[in-house]
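The structure's right below; bear with me while I get my questions together.
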There are 2 protein chains.
Amino acid sequence: MSSVSPTQIAYLGAEPILVAVDCIVFGFDGSKLKLLIFKREVDPLAGRWSLIGSFVKKNEGITEAASRVLSELSGIEDIYMEQLHCYGNPQRDSGARVISVAYWSLIKVDPNRTNFHIKNHISTWIDIDAMPGLVLDHSKMVIMAINRLKERAMHKPIGFELIPEIFTLPQLLNVYEAIFQRDIDDRNFRKKIMKSGLLIKTDYKDKSTSKKGSFLYKFNDKRYKELSEIGYNFEI
Amino acid sequence: MSSVSPTQIAYLGAEPILVAVDCIVFGFDGSKLKLLIFKREVDPLAGRWSLIGSFVKKNEGITEAASRVLSELSGIEDIYMEQLHCYGNPQRDSGARVISVAYWSLIKVDPNRTNFHIKNHISTWIDIDAMPGLVLDHSKMVIMAINRLKERAMHKPIGFELIPEIFTLPQLLNVYEAIFQRDIDDRNFRKKIMKSGLLIKTDYKDKSTSKKGSFLYKFNDKRYKELSEIGYNFEI
DNA sequence: ATCTTTAAACGTAAAAATTACGTTTAAAGA
DNA sequence: TCTTTAAACGTAATTTTTACGTTTAAAGAT
């Protein structure tokens with residue numbers, strides 16, 4: 001005598017699928033926007049350039065999976081990361097039915113450091129305007145990520161995620177020029193960014209690029225949060 | 001004597017997961033933005049309000065799955081639809097590990113028509129400002145979808161997707177007021193929308209709301225495409 | 001025929017934001 | 001003290017946005 005439910009069970013007949021995450025990792029070398037890519041080590045398509053990714057484990061969130069990949073390869077924990085899009089064409093991976101959730105991220109590249117590894121994958125930073133073909137639909141992902149980055153940089157202060165905590169105005173200008181791939185008038189840029197009140201000027205100068213030296217600033221996170229709460233929108 | 005590959009196979013050890021799509025369906029009744037929700041018929045949580053969704057089949061794309069759901073319920077084929085976000089918290093569905101890819105869509109509601117069904121699911125249109133609690137993380141999805149809709153409506157001419165092919169300016173104004181949930185100055189709205197050159201004025205008037213009647217317009221898809229190609233950005 | 005009523009349609013002036021562009025300044029090295 | 005060079009600063013013209021009042025078309029009442 002078992003109790004009988006009049007309803008069906010939601011999961012009856014549902015077919016499980018492999019789920020992966022892929023990470024688009026952007027960096028900035030001082031003048032150009034860079035993308036971190038990897039030599040694929042597994043078949044099919046071993047030896048070809050690829051984004052870094054991983055399958056999502058049974059008891060792991062997708063965001064956690066992406067975070068895991070990023071921290072494994074960089075050793076850094078607090079990386080700016082956003083979900084980009086979920087790619088689910090049944091033909092996208094010829095080897096198996098895999099859907100992939102792509103995440104894009106911004107990291108503060110130390111130009112001296114090139115050893116971004118997961119295990120012994122070979123990686124390299126490439127200019128975003130000199131991208132080689134990537135495996136599967138990874139090139140498509142990158143293009144979408146670049147567009148999303150531009151869109152986001154227009155409305156949120158994320159340029160700061162690509163440069164050191166302490167930076168100069170010319171440095172900040174350079175990031176935005178790299179992101180938007182166009183020249184920005186430095187006088188207008190200065191006015192706009194200073195008017196926002198989001199930069200804290202330090203007493204120090206970076207003299208590596210000029211005799212005069214350029215004042216160092218830091219981003220005012222606290223003020224940005226306060227402003228955001230009362231409906232402020234950052235705009236470049 | 002079998003050929004031995006020195007590389008591993010990508011899929012070894014990967015754990016398959018259930019993948020679903022959920023659809024946020026927006027409509028417009030002439031004055032308010034509406035959301036289409038359904039009485040859930042399957043356990044767990046049978047009887048509670050829910051978005052409409054489906055599991056993704058083994059050989060079906062995720063976009064196709066979402067399109068399938070939308071056309072099954074509406075009978076309409078060309079519905080404006082965008083991917084929203086992929087939700088993958090392992091605790092989001094207590095019954096099984098399911099990741100869900102949410103899609104949001106805009107449909108031209110015939111106010112007389114209320115019978116949106118999949119099989120015999122009960123559905124209803126509700127005001128977006130009077131949303132009942134929904135199952136799982138569906139309320140979160142709706143909130144995100146409303147924000148995305150506002151964002152999109154600001155930069156793309158999607159207000160048109162919620163009203164008939166032929167419409168009046170006051171009608172169009174009303175859609176945008178409903179989307180942005182604020183009053184819009186009709187004189188400024190007129191100027192902006194007419195300046196874009198994206199409306200084709202017809203010789204006909206809709207006299208249902210006034211003695212004078214209001215001219216009917218249609219959206220100029222062709223011109224919009226042309227403008228988009230040369231870098232035009234629609235803005236409200 | 002004229003008057004009343006009401007949503008639709010139109011216009012203009014002030015304020016704010018954006019764009020374009022030239023000059024001065026600080027510090028090092030000759 | 002002169003030269004050099006990136007950094008820093010300022011202003012006027014243009015464009016966009018905002019705010020708000022008046023006229024018009026057509027139906028229905030008198």
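All values reported here derive from a predicted model rather than from experimental measurement. Letters A, B, ... mirror the listed sequences (proteins, then strands); counts begin at 1. Computation of the quantities below employed the complete heavy-atom set of this structure, encompassing side-chain atoms and omitting hydrogens, waters and symmetry-equivalent molecules.
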If pairing means Watson-Crick or G-U wobble with both distances under 3.5 Å, then the partner of C/dA28 is D/dT3
Heavy atoms of B/V56 and B/G61 approach each other most closely as CG1-O, 4.3 Å
ask   = Mind checking whether A/K108 and A/Y80 have side chains closer than 4.5 Å, heavy atoms only?
value = no
Paired to C/dC21 by Watson-Crick or G-U wobble criteria (both distances under 3.5 Å) is D/dG10
Mind checking whether B/Y224 and B/F234 have parallel, tilted or perpendicular rings, split at 30° and 60°? perpendicular
Closest heavy-atom pair, B/F38 versus B/H121, reported as atoms and distance to 0.1 Å, is CD2-CB, 3.9 Å
Reading nucleotides 20-30 of chain C from 5' to 3' and marking B where a protein heavy atom lies under 4.0 Å of the base, S where only the sugar-phosphate is that close, and - otherwise, the string is BBB--BBBB--
From CG of A/L216 across to P of D/dA7 the rounded distance in Å is 12 Å
inquiry  = Determine whether A/K191 and A/N188 satisfy the following criterion, side chain to side chain donor-acceptor pair (under 3.5 Å), listing intermediate values before the conclusion.
reply    = CA-CA 5 Å; A/K191 270 182 288 181; A/N188 295 336; 3.1 Å; yes
By nearest-nucleotide position on DNA chain D, the 5'-leaning member of A/P170 and B/K195 is A/P170
Charged N to carboxylate O below 4.0 Å: is that the case for A/K222 and A/E226? yes
Between NZ of A/K192 and C1' of C/dA17 the distance, given in whole Å, is 8 Å
Separation of D/dA6 atom C1' from A/F215 atom CZ, nearest Å, is 14 Å
- Using 30° and 60° as the class limits, which term best fits the ring planes of B/F219 and B/F160: parallel, tilted or perpendicular? tilted
note: B/I184, atom CD1; D/dT17, atom C1'; distance rounded to Å ~ 14 Å
From CZ of A/R190 across to C1' of D/dA6 the rounded distance in Å is 10 Å
note: B/L173, atom CG; C/dA7, atom P; distance rounded to Å ~ 14 Å
Separation of C/dT19 atom P from A/D183 atom CG, nearest Å, is 14 Å
Between CD of B/E235 and C1' of D/dT16 the distance, given in whole Å, is 11 Å
